[in-house]
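Notes follow the structure.
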Amino acid sequence: PADPPSPQEHGLDFQRLLDASAYKEMFRQDMIRWGEEKRHTDPGFFCRAAVEGALQPVWVVSDARRLSDVEWFRDVYGDVVQTVRVVASEETRKRRNWVFVTGVDDAESECGLDQGVAFDWVITNDGDKVALGEQLEMLLQSVHRSL
């Protein structure tokens, strides 16, 4: 079979892969497979790519997908790492046009952190802008105190 697509290696439209379009869905399973192959060979591949060339006093990683990602950041950055999980109810997700797809939404890339990780922060994003703002303000204040 052909190599699974990655935006840089296969000339895909990166911006269109970031949204919830049908374009992204056409390549989603292949992207997951490609990512799994990269992680199998090198568990820190994507984490190192995310931080390459950057020197920040605080890191907010908004889209860790696997325990190995969380462990990598904790190993490399130690006590300065604050893990954040953003959650929304299934009802909210459906209102946002999410539809469960077997083989995709039950894959490790989508639910690998549902259990076994003690997050420092859990932010609920169910559409209440005031509540979301209050939660983010608490996180921001904590980050400022650690600087």
Side-chain angles (χ1 to χ4, degrees), residues 4-9 12-101 104-147:
S6 73
Q8 292 173 333
E9 294 174 14
L12 300 178
D13 184 332
F14 180 70
Q15 289 303 314
R16 291 182 71 192
L17 293 174
L18 294 177
D19 62 26
S21 67
Y23 180 85
K24 175 183 174 179
E25 292 305 313
M26 287 188 323
F27 299 106
R28 193 171 179 200
Q29 285 185 311
D30 286 339
M31 289 188 305
I32 291 169
R33 189 169 40 255
W34 175 81
E36 294 299 327
E37 290 172 5
K38 289 289 188 187
R39 280 182 183 83
H40 180 71
T41 303
D42 178 3
F45 177 83
F46 293 104
C47 297
R48 280 192 313 282
V51 302
E52 184 177 336
L55 300 171
Q56 309 318 63
V58 174
W59 285 94
V60 176
V61 181
S62 62
D63 200 15
R65 296 296 183 113
R66 291 168 179 75
L67 181 58
S68 61
D69 294 341
V70 173
E71 289 172 341
W72 187 90
F73 276 94
R74 285 179 173 161
D75 289 346
V76 172
Y77 294 106
D79 292 340
V80 300
V81 171
Q82 291 284 300
T83 56
V84 180
R85 176 157 178 117
V86 179
V87 297
S89 69
E90 190 168 322
E91 178 181 305
T92 297
R93 295 170 72 200
K94 287 179 180 178
R95 279 197 315 267
R96 294 173 178 158
N97 297 321
W98 171 77
V99 177
F100 181 87
V101 176
V104 174
D105 291 306
D106 53 358
E108 183 183 5
S109 64
E110 301 302 314
C111 57
L113 296 176
D114 287 354
Q115 297 176 2
V117 178
F119 289 93
D120 298 304
W121 298 88
V122 177
I123 305 293
T124 301
N125 183 11
D126 275 328
D128 182 335
K129 291 180 182 180
V130 173
L132 178 60
E134 290 171 353
Q135 294 171 85
L136 293 175
E137 182 60 33
M138 289 175 51
L139 173 59
L140 188 59
Q141 287 176 14
S142 176
V143 167
H144 280 233
R145 284 191 300 271
S146 70
L147 292 176

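Below, each value reflects all heavy atoms present in this structure, side chains not excepted, and no hydrogens, waters or symmetry copies. Since the model is a prediction, treat every value here as computed from it, not as a measurement.
Looking only at side-chain heavy atoms (C-beta outward), Arg39 and Asp69 come within less than 4.5 Å of each other. Counting heavy atoms from C-beta outward, Lys94 and Phe100 have side chains that stay 4.5 Å or more apart. Here the side chains of Glu110 and Asp106 are not in contact, with every heavy-atom distance at 4.5 Å or above.
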* To do: Give the C-alpha distance, both sets of side-chain angles, the deciding distance and a yes or no for salt bridge (charged side-chain N to carboxylate O under 4.0 Å, His left out) between Glu91 and Arg95.
  => CA-CA 6 Å; Glu91 178 181 305; Arg95 279 197 315 267; 3.1 Å; yes
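When all heavy atoms of Leu132 and Asn125 are compared, the pair lying nearest together is CD2-OD1, 3.7 Å. Among all heavy-atom pairs drawn from Gly44 and Trp72, the shortest one is CA-CD1, 3.9 Å.
Taken to the nearest 0.5 Å, the CD atom of Gln135 stands 8.5 Å off from the CG atom of Asp128.
A search for side chain to side chain contact (heavy atoms under 4.5 Å, CB included) contacts involving Ala88 returns Thr92, Arg93, Arg96, Asp126, not counting sequence neighbours.
The pair Arg33-Glu37 does not meet the salt-bridge criterion, since no charged nitrogen lies less than 4.0 angstrom from a carboxylate oxygen.
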Please tabulate, for the side chains in residues 78-85, all donor-acceptor contacts under 3.5 angstrom to protein atoms that are two or more places apart in sequence or on a different chain.
from: Gln82; atom 1: OE1; to: Trp121; atom 2: NE1; distance (Å): 2.9
from: Thr83; atom 1: OG1; to: Asp120; atom 2: N; distance (Å): 2.9
from: Thr83; atom 1: OG1; to: Asp120; atom 2: OD2; distance (Å): 3.1
from: Arg85; atom 1: NH1; to: Leu113; atom 2: O; distance (Å): 3.1
from: Arg85; atom 1: NH2; to: Asp114; atom 2: OD1; distance (Å): 2.5

Below 3.5 Å, can you tabulate the donor-acceptor pairs from side chains in residues 136-147 to any protein atom, sequence neighbours excluded?
from: Glu137; atom 1: OE2; to: Gln141; atom 2: NE2; distance (Å): 3.2
from: Ser146; atom 1: OG; to: Val143; atom 2: O; distance (Å): 2.7

